[in-house]
Each structure stands twice: as structure tokens, then as C-alpha cells.
Amino acid sequence: MDEKISVIVPVYNVEQYLERCVDSIINQTYKNLEIIRVNDGSTDNSGQLCDELAKKDDRIRVIHKENGGVSETRNLGIRESNGNYITFIDSDDVVSVKMIEELYSNLLETGADISIGNVIHSYNINNVIFDDSNNDILLWDNEEALKEFLKAKITSFYPVAKLFKKNTILNLEFNVDYKLAEDAMFITEILLVKDLIVVYSSKDVYAYCHRSESATTSINSNTVFDTIKVYDIILPKIEKKYPNLKRYVVLRKNWANFEVFDKLILSNNPLFDKERKYLKNKIISSRSEILKENLFTPNRKISLLVLSLSEYLYKKLLLVRKKH
């Protein structure tokens, strides 16, 4: 079969990366695509570039909207899509030219509802190399899939590098109230609502391209705590339905605390002193859980011990890790 697949690409202020991303999509070996690029009120030339690049390929459709965030943008793309399958690609990333063919083939061959490929992290965005020599295929039910998402070792809650049967996400949307971890909520809702089969392939298909940034990062006071808020909502639901996943629920909760604490300590913003101290105490009080959990890296465990001794040294260690 050669069914139409909708590729949804949110666009916001990525003019220097956009053409590279678009080229990797229009050159896909799977041809029956509709490519929906949703310009989310970009303030640079991304919107104009979207229109110019649409002239390259008649499969490209451009939608312009006022800025509302990536969740709102993806939701609009879903509503506007005409394909039987949906995949999401971020506009500053690159995909293998075989990505959609691989995901689609694995889905058809296994009868799965969601097909997942491997994501690589690229720090040299001008020289992305995909390794397709390894192709281990794994099949998961809902509980097994949630376990792997919570572990975040071979896959993650990110919506990219995934192909969804459209009927698996009908009536579900990304929550626009949260700007961070909204994808974790979306994926969790899918797997808690419907009995599904998920197929994973270890073959590289998607490159998450890291831009060069300062190690010290400014934070948005309106969204910095979203990760913890989202996990406070979804983790109890996961544990209630799948009690055997308690270990991984605890893992993810501790990970979320680290994630937000690291942002706060790097921001040097005194407005968050109270929250930073609260999270520090929460992390240290969970020390035994973290040290016993072999899914936390040795570096993370060492940094926890450093934090117990000195917040100043912890920050220095964090800056070194980010630099390298």
C-alpha cells in the first residue's frame, strides 16, 4: 500500500535551519506525503522562507498563524492533516531520507499502531551521519512502551521519530497549558486510553540537532516548572493503571526534579531562590532512591553527592558537563 502520510513541521524563528530540514523531508524515499508547515508567528524571515520553499514541491502546504506555542501549532497541523498516518518533525532538525519509509514499513509488517525509530544527537549540524546498520526490532504493548518512555534509554516521550496511525490520536491534542513536557502528557494519554501495539527500530532515522548555546541559560518563569507539573499529573495515572511501573515512575519523578533544579541553578535568578532550595532538599531527601537506581548514570550520582556537600561545586560540575 502507498497511503498518504502527513508530515507536520512547526516553525518558529528557524530561518537558518529551515531549508536543510525541508530538503531532508522532500527527498524522502517514501513519496506520498503532505508536508504541513505551520508558521507560529515567527518574527524572523521563517514565514517568508516557508512560502518560498513551498514552490520547490507541491506537496508542501504552509499555514501562518499568530504565535501560540508548539502545542497549539501541532494541534492545528493534526486538524488540517489529510493523511492516514502522522509524523512530527521539528524544523531545526534533520531526518534520514529513508525515515518515513522505514517507520511505515515496520508499522505495516508488525501490525503496530505507532512506529518508532532511533534518534541521534548531533552537535555538528552540518555533518549529520545516520547509521542504518543496526536494525533490532522490538514490539511493545502499552505497559512495555510506557516503561521504555519512562526509562528514556532507547526512546523518549518526544513526538518526533514516530509514525502514528491517525486514528490512534483522534480526539487527543497536545495540552496548550504547558510549554514543556507537553509531549510526555500527549504520549501518555494515547497509551492510557487505547490498547495499542508499538514497534521500535534501532535504526537511526532522526537527528536532534543541538545548537551552540551558552552554558548559562535564561529561563521563562511561566514555564520552567512545567516539567514537574506535567509529571505530577501523569505519573500517578501511570502507576494506578500499571503498578509494576512504580520503579520507573519514581525514576522519572526524580529526573524531573533534577531537570528543573539544574535550570534554576544555572539561571542565577534570585526570584527562584525559594524554589531552588525546595528542590535541592527534595533531591537530597531522595538520595537513597537515586543512588540505588542503576538507570541514573554514575555522573548523575556523583553530582548528587557533590550537591549534598556544596551547591557551588555542583554548579561548577554542571557547567563543565554542559560545556563538554
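Heavy-atom basis, side chains included; hydrogens, waters and symmetry copies ignored. Note that this is a predicted model, so its numbers are computed, not measured.
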Test item: Thr227 and Phe258 side chains (from C-beta on) under 4.5 Å apart, heavy atoms
no

Any donor-acceptor N/O pair, Thr168 side chain to Lys165 backbone, under 3.5 Å
yes

In the single-linkage hydrophobic clustering (I, L, V, M, F, W, Y; side-chain heavy atoms under 4.5 Å), do Ile284 and Leu251 co-cluster?
yes

Between Asn175 and Asp177, which heavy-atom pair has the shortest distance, and what is it?
OD1-N, 2.8 Å

Determine, using the 4.5 Å side-chain heavy-atom cutoff (strictly less than), whether Met99 and Tyr158 are members of one ILVMFWY cluster.
yes

Does atom CZ of Arg287 have more than 12 heavy-atom neighbours from other groups under 6.0 Å away?
no

When hydrophobic residues are tied together by side-chain contacts of less than 4.5 Å, even through go-betweens, does Leu235 share a cluster with Ile283?
yes

Are Asp136 and Tyr200 side-chain neighbours, meaning at least one heavy-atom pair lies under 4.5 Å?
no

Please find the pair of heavy atoms, one from His64 and one from Gly47, that lie closest to each other, and give the distance.
CE1-O, 3.4 Å

Neighbour count above 12 (heavy atom, 6.0 Å) for Lys31 NZ
yes

Is a side-chain donor or acceptor of Asp40 paired with a backbone partner of Gly68 at a separation under 3.5 angstrom?
yes

What is the ring orientation for His121 with Tyr208, classed by angle as parallel under 30°, tilted 30 to 60°, or perpendicular over 60°?
tilted

Using the rule side-chain hydrogen bond (donor to acceptor under 3.5 Å, both in side chains), only one of Lys166, Lys4, Glu34 pairs with Ser81; which is it?
Lys166

Just wondering, do Trp140 and Thr155 contact through their side chains at under 4.5 Å, heavy atoms?
yes

Contact summary for Ala54 and Arg37, nearest pair of heavy atoms
N-NH2, 3.7 Å

Under 3.5 Å donor-acceptor, Lys153 side chain and Leu295 backbone
yes

Distance-only donor-acceptor check, side chains Tyr12 and Asp44, under 3.5 Å
no

Atom NZ of Lys162 and atom CD1 of Ile190: how far apart are they, to the nearest 0.5 Å?
9.5 Å

Donor-acceptor check, side chain of Arg59 to backbone of Ile26, threshold 3.5 angstrom: yes or no?
yes

Taking all atoms of both residues into account, what is the closest heavy-atom pair of Gly77 and Ile8, and its distance?
C-CD1, 3.3 Å

Looking at Asn82, I'd like to know if its CG atom is crowded, meaning that more than 12 non-hydrogen atoms belonging to other residues, nucleotides or ligands lie closer than 6.0 Å.
yes

I'd like to know if the side chain of Lys246 reaches the main chain of Glu239, judged simply by a donor and an acceptor atom lying under 3.5 Å from each other, with no hydrogens or angles considered.
no

Look at the side-chain heavy atoms of Ile, Leu, Val, Met, Phe, Trp and Tyr, link any pair under 4.5 Å apart, and say whether Val38 and Leu18 land in one connected group.
no

Distance col, row Asn244:CG vs Lys147:NZ, nearest 0.5 angstrom, shows 9.5 Å

Are Ile265 and Leu318 side-chain neighbours, meaning at least one heavy-atom pair lies under 4.5 Å?
yes

Donor-acceptor contact present, side-chain Ser71 to main-chain Phe174, <3.5 Å
no

Between Tyr206 and Phe88, is the ring centroid distance below 6.0 Å?
no

Is Arg276 salt-bridged to Glu311, cutoff N-O under 4.0 Å?
yes

Would one find more than 12 heavy atoms of other residues, nucleotides or ligands at under 6.0 Å from atom NZ of Lys56?
yes

On a heavy-atom basis, the closest approach of Ile233 and Met185 is CD1-CE, 3.9 Å

Answer with yes or no after comparing the ring centroid distance for Phe164 and Tyr85 against a 6.0 Å cut-off, counting only values under it.
no

Using modelled atom types only, decide if a donor and an acceptor are shared between the side chain of Glu101 and the backbone of Lys98 within a distance under 3.5 Å.
no

For Ala181 versus Val230, what's the shortest heavy-atom pair and its separation?
O-CG1, 3.3 Å

Under a 4.5 Å cut-off applied to non-hydrogen side-chain atoms, are Asp51 and Leu53 in contact?
no

Under a 3.5 Å distance rule, please check whether Ser310 uses its side chain to pair with a backbone N or O of Leu313 as donor and acceptor.
yes

Test: Arg74 and Asp90 ion pair at under 4.0 Å
yes

Go through the steps to decide whether Leu305 and Lys301 satisfy the test side-chain contact (heavy atoms from CB on, under 4.5 Å), and finish with yes or no.
CA-CA 6 Å; Leu305 296 175; Lys301 293 179 180 180; 5.8 Å; no

For the side chain of Arg20 and the backbone of Asp92, is there at least one donor-acceptor N/O pair under 3.5 Å apart?
yes

With a 4.5 Å cut-off on side-chain heavy atoms, are Phe130 and Val205 touching?
no

Between Glu3 and Asn32, is the side chain to side chain donor-acceptor pair (under 3.5 Å) condition met? List the steps.
CA-CA 7 Å; Glu3 300 171 281; Asn32 192 6; over 6 Å; no

Any sub-3.5 Å donor-acceptor pair from Ser115's side-chain atoms to Leu103's backbone N or O?
yes

Residue pair Asp226 / Thr223, side-chain heavy-atom distance below 4.5 Å:
yes

Does Arg247 pair with Glu293 as a salt bridge, N-O distance under 4.0 Å?
yes

Measure the OG1-CZ distance between Thr297 and Arg321 for me, rounded to the nearest 0.5 Å.
7.0 Å

Charged N-O contact under 4.0 Å between Lys241 and Glu143
no

Run the side chain to side chain donor-acceptor pair (under 3.5 Å) test on Asp204 and Ser96 for me, step by step, so that the C-alpha distance in whole Å, both residues' side-chain angles and the decisive distance to 0.1 Å come before the verdict.
CA-CA 8 Å; Asp204 295 347; Ser96 159; over 6 Å; no

Within-4.5 Å side-chain heavy-atom neighbours: Val198 and Leu139:
no

Residues Asn269, Lys263; criterion side chain to side chain donor-acceptor pair (under 3.5 Å); working and verdict:
CA-CA 10 Å; Asn269 192 332; Lys263 291 179 181 178; over 6 Å; no

Is it true that Ile25 and Val97 fall in one hydrophobic cluster, defined by side-chain heavy atoms closer than 4.5 Å?
no

Set out, in order, the CA-CA distance, both residues' side-chain angles and the distance that settles ring-ring contact (aromatic ring centres under 6.0 Å, His included) for Phe272 and Tyr278, then state yes or no.
CA-CA 10 Å; Phe272 299 113; Tyr278 169 76; over 10 Å; no

